[in-house]
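Structure first, then comments.
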Amino acid sequence: MEKPIIAPSLLSADFLELGKEIEMINASEAGWFHLDIMDGKFVPNITFGFPVIKQIKSLAKKPLDVHLMIEQPERYIADFQQAGADILTVHYEVVNHLHRVIYAIKENGMKAGVALNPHTPVECLQDIIRDVDMVLIMSVNPGFGGQKFISQSLAKIARLKEMIVDAQTQTLIEVDGGVDSSNAIDLVLAGADVLVSGSFVFKSENPQETIKNLKAVKE
Ligand code: DX5
Ligand code: ZN
């Protein structure tokens with residue numbers, strides 16, 4: 001089994017020291033930067049937009065994994081590509097024509113992800129799983145960092161992994177929300193390929209060590 005990709009969520013970073021936080025991640029064992037974009041409509045919070053993403057991109061030496069928690073994400077696909085997104089994930093719950101959106105993301109040169117809220121069953125992706133580069137399982141309700149992990153997510157990940165294996169596809173499984181050293185091993189054993197971690201990484205005394213330990217969970 002592969003070691004997981006660790007994707008620290010900048011939502012919990014110190015925005016007054018963003019340059020330093022990015023350099024810290026560049027020098028760490030993290031694989032990606034996870035960027036949470038919220039619109040105050042789909043989720044009850046607002047984060048940041050294109051000017052900030054562009055500045056992050058100018059320093060980041062690793063792919064930008066952009067998690068859109070916004071309505072009508074199809075309106076902004078090209079803009080996110082221009083801002084520097086490498087992986088663009090939209091929420092299943094806000095998209096009427098998912099197949100079209102997935103292909104629009106790919107045509108814009110990015111990897112395409114679909115995120116599922118805690119109440120959305122993985123089975124809804126059965127007929128599109130081969131077209132999707134990554135599925136993001138929300139293990140908290142989207143909107144805020146620092147929430148408690150919903151343990152039902154483990155069973156969802158296991159079911160999704162089975163679906164991916166059956167379909168003989170390479171789709172990655174990302175898990176986002178409440179990830180820490182107490183659940184990382186179970187998540188990887190259930191089938192997670194990418195662990196997003198915000199508060200656990202940035203609020204720890206030594207974030208680089210925390211990232212290293214999350215990645216080493218599966219020796
Ligand atoms: C929540 C975001 C997460 C968040 C995770 O809506 O999608 O990426 O930053 O934060 P933690 O790891 O603190 O739960
Ligand atoms: Zn996220």
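Atoms within each ligand, like the ligands themselves, are counted from 1 in listed order. Note that the coordinates shown come from a computational prediction; the quantities given were computed from them, not determined experimentally.
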Is there a donor-acceptor pair closer than 3.5 Å between any side-chain N or O of [X] and the backbone N or O of [Y]?
{"X": "T169", "Y": "I164", "answer": "no"}
{"X": "Q147", "Y": "F144", "answer": "yes"}
{"X": "N108", "Y": "I105", "answer": "no"}
{"X": "N206", "Y": "E209", "answer": "yes"}
{"X": "S12", "Y": "F202", "answer": "no"}
{"X": "S139", "Y": "V175", "answer": "no"}
{"X": "D39", "Y": "N45", "answer": "no"}
{"X": "K61", "Y": "I25", "answer": "no"}

For [X], atoms of ligand 1 separated by under 4.0 Å from a heavy atom:
{"X": "M69", "answer": "6 (O), 7 (O)"}
{"X": "S197", "answer": "12 (O)"}
{"X": "H67", "answer": "7 (O)"}
{"X": "P142", "answer": "6 (O)"}
{"X": "L11", "answer": "9 (O)"}
{"X": "G177", "answer": "14 (O)"}
{"X": "G145", "answer": "10 (O), 13 (O)"}
{"X": "G178", "answer": "11 (P), 12 (O), 14 (O)"}

Self-check item: Member of V94, T89, V95, L88 meeting the side chain to side chain contact (heavy atoms under 4.5 Å, CB included) criterion with L68
Solution: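 Among the candidates, only L88 passes.
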
Quiz item: Taking the six-membered ring for Trp, are Y76 and F50 parallel (under 30°), tilted (30 to 60°) or perpendicular (over 60°)?
Solution: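 If you compare the ring of Y76 with that of F50, the planes turn out tilted.
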
Could you identify the single nearest non-hydrogen protein atom to [atom] and state the distance to 0.1 Å?
{"atom": "atom 2 (C) of ligand 1", "value": "D36 OD1, 3.3 Å"}
{"atom": "atom 13 (O) of ligand 1", "value": "S199 OG, 2.5 Å"}
{"atom": "atom 1 (C) of ligand 1", "value": "F144 O, 3.5 Å"}
{"atom": "atom 12 (O) of ligand 1", "value": "G198 N, 2.8 Å"}
{"atom": "atom 6 (O) of ligand 1", "value": "G143 N, 2.8 Å"}
{"atom": "atom 5 (C) of ligand 1", "value": "D176 OD1, 3.5 Å"}
{"atom": "atom 9 (O) of ligand 1", "value": "S9 OG, 2.8 Å"}
{"atom": "atom 11 (P) of ligand 1", "value": "G146 N, 3.6 Å"}

Which is the closest N/O/S atom of [X] when seen from the Zn ion (ligand 2)?
{"X": "H67", "result": "ND1"}
{"X": "D36", "result": "OD1"}
{"X": "D176", "result": "OD2"}

Quiz item: Are K161 and I173 close enough, and set up right, to give a side-chain contact (heavy atoms from CB on, under 4.5 Å), and what steps lead you there?
Solution: CA-CA 8 Å; K161 183 70 186 176; I173 301 177; 4.0 Å; yes

Quiz prompt | Matching residue for D86 among K57, K62, K111 - test: side-chain hydrogen bond (donor to acceptor under 3.5 Å, both in side chains) | solution =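 Only one of K57, K62, K111 forms a side-chain hydrogen bond (donor to acceptor under 3.5 Å, both in side chains) with D86, namely K57.
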
